[in-house]
Undergrad: 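Structure provided below as structure tokens; questions to follow.
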There are 2 protein chains.
Amino acid sequence: MGRFSQVLRDRGYRITVQREVILDEVEALPGHVSPNDVHARVAARFPQVNVTTVYRTLELLEHEGLVSHMHFHDGARWHRADEGLHQHLVCRQCGLEEQVELDEMQPLARELLSRHGFHADLAHFAIVGVCQECVRAAAVPVG
Amino acid sequence: MGRFSQVLRDRGYRITVQREVILDEVEALPGHVSPNDVHARVAARFPQVNVTTVYRTLELLEHEGLVSHMHFHDGARWHRADEGLHQHLVCRQCGLEEQVELDEMQPLARELLSRHGFHADLAHFAIVGVCQECVRAAAVPVG
DNA sequence: GTGTATGCAAAGCATTTGCACCTCC
DNA sequence: GGAGGTGCAAATGCTTTGCATACAC
């Protein structure tokens with residue numbers, strides 16, 4: 001039984017087969033995935049699991065602080081709560097994704113806290129923009 | 001005829017009654033609104049305009065650089081391109097929205113550019129977090 | 001006149017909900 | 001046995017698309 005299953009059981013939730021498979025997969029998540037991704041991975045081991053259950057389980061896990069979600073340009077993605085420790089840069093032209101350590105965001109976070117009393121969760125939304133390559137490409141237009 | 005209508009006509013687009021009304025409303029937009037908001041405002045003056053047309057017109061305006069959209073916690077909002085010059089802080093607990101001058105974000109923007117060559121559009125996504133009031137409230141839990 | 005814009009209805013997609021049934025503890 | 005969990009189907013909300021019609025230029 002995985003750690004997530006154990007935690008949920010300890011907190012008084014029932015562990016069903018579906019939950020166990022979903023928890024296992026979520027615990028082994030490679031980075032950031034959509035509910036659909038989770039469902040696909042789960043379905044490979046336990047076909048009859050419904051997407052609805054995936055949504056509900058993700059919600060439960062989030063409520064219990066084991067996973068979090070964040071927003072990319074093209075929708076929400078989930079990740080283990082202990083792995084959300086970076087910011088994402090997404091190029092709006094080529095779609096390239098780059099990770100930035102949250103440390104780099106700390107000065108801003110401190111600023112927002114001291115000036116506005118606001119405790120920012122900077123990683124919750126990706127940062128869009130244009131990457132180096134695309135700027136370079138645009139600087140020398142076709143023709 | 002509003003400035004937006006004029007610009008579009010100059011660029012070879014046809015000006016229909018629908019477009020003119022939509023353009024007028026968008027030009028007079030108070031801050032950040034959803035396509036639905038625009039539709040509601042437009043419909044007050046010209047009831048038979050379809051939401052579809054609002055979507056298509058916003059897309060056209062964005063393509064022509066007259067408006068932009070950005071993402072809040074609860075969906076996309078449009079604003080005049082010349083009025084997107086601030087970042088938004090949104091409290092995930094009480095929903096409070098605060099504006100921050102983009103100047104305050106410049107250090108981070110410069111950092112991302114110099115370290116990652118990334119031209120960040122920081123205002124495209126709001127920043128979520130917890131506001132002062134809610135932190136205060138949470139610090140002294142009920143009971 | 002002709003190509004562009006519009007309205008309408010329908011399709012998409014991601015997510016949520018209601019409800020009967022099932023099963024973990 | 002009973003609360004809690006699940007599957008299914010349908011509803012929702014937002015946005016897009018196809019197509020026949022209308023109208024700006």
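Protein chains get the first letters and strands the later ones, always in sequence-line order, with residue 1 at the start of each. Because only heavy atoms are used, hydrogens play no part in the values below, and waters and symmetry mates are left out as well, while side chains stay in. Since the structure is predicted, the reported quantities are computational estimates derived from the model, not experimental observations.
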Undergrad: Any chance you could list the contact pattern along nucleotides 18-25 of chain D? Use B for base contacts, S for sugar-phosphate-only contacts and - for none, protein heavy atoms under 4.0 Å, 5' to 3'.
TA: B-----BS
Undergrad: Donor-acceptor pair, B:R77 side chain versus B:M70 backbone, under 3.5 Å?
TA: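 No, the answer is negative, given that no donor and acceptor are paired below the 3.5 Å cut-off.
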Undergrad: Can you sort out which residues in residues 37-51 of chain A have a heavy atom within less than 4.0 Å of DNA chain D? Ascending by number, please.
TA: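 Output list: A:Q48, A:V49, A:N50.
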Undergrad: Need two values: the first and the last nucleotide of DNA chain C, 5' to 3', having an atom under 4.0 Å from any heavy-atom of chain B.
TA: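 Using the under 4.0 Å cut-off, the span is C:dG3 to C:dA9.
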Undergrad: Separation of B:L58 atom CG from D:dC14 atom P, in whole Å?
TA: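 After rounding, the gap between these two atoms is 15 Å.
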Undergrad: Do A:V54 and A:V17 share a hydrophobic cluster (ILVMFWY, side-chain heavy atoms under 4.5 Å, transitive)?
TA: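 Yes, A:V54 and A:V17 fall within the same hydrophobic cluster.
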Undergrad: Going by side-chain contact (heavy atoms from CB on, under 4.5 Å), A:I22 matches just one of A:L58, A:V42, A:L60. Which one?
TA: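 That would be A:V42.
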Undergrad: Below 6.0 angstrom between ring centroids: does that apply to B:H32 and B:H88?
TA: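 Yes, the ring of B:H32 comes within the 6.0 Å limit of the ring of B:H88, centre to centre.
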Undergrad: How far apart are the C-alpha atoms of B:E104 and A:R115, what are their side-chain angles, what is the distance that settles it, and do they pass the salt bridge (charged side-chain N to carboxylate O under 4.0 Å, His left out) test?
TA: CA-CA 10 Å; B:E104 231 172 291; A:R115 288 210 206 177; 3.5 Å; yes
Undergrad: Could you state the atom-to-atom distance from CD of B:E59 to C1' of D:dT17 in whole Å?
TA: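 In whole Å, D:dT17 C1' and B:E59 CD are 12 Å from each other.
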Undergrad: Main chain of B:V49, side chain of B:H39: is a donor-acceptor contact present, judged purely on distance under 3.5 Å?
TA: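 Looks like yes, one N/O pair under 3.5 Å.
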Undergrad: On DNA chain D, check which nucleotide each of B:S34 and A:R19 is closest to and give me the residue with the more 5' one.
TA: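 Whichever sits nearer the 5' end wins; that is A:R19.
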Undergrad: Assess whether salt bridge (charged side-chain N to carboxylate O under 4.0 Å, His left out) is satisfied between A:R56 and A:E59, documenting all intermediate values.
TA: CA-CA 5 Å; A:R56 293 196 267 228; A:E59 193 185 358; over 6 Å; no
Undergrad: Counting distance only, does the side-chain N/O of A:R41 pair as donor-acceptor with the main-chain N or O of A:V26 below 3.5 Å?
TA: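 Absent.
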Undergrad: Would you say B:D37's side chain and B:S34's backbone share a donor-acceptor pair under 3.5 angstrom?
TA: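 Flag set: sc B:D37 to bb B:S34 pair under 3.5 Å.
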Undergrad: Measuring centre to centre across the rings, with the benzene-like ring taken for any Trp, is B:H71 within less than 6.0 Å of B:H124?
TA: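 Yes.
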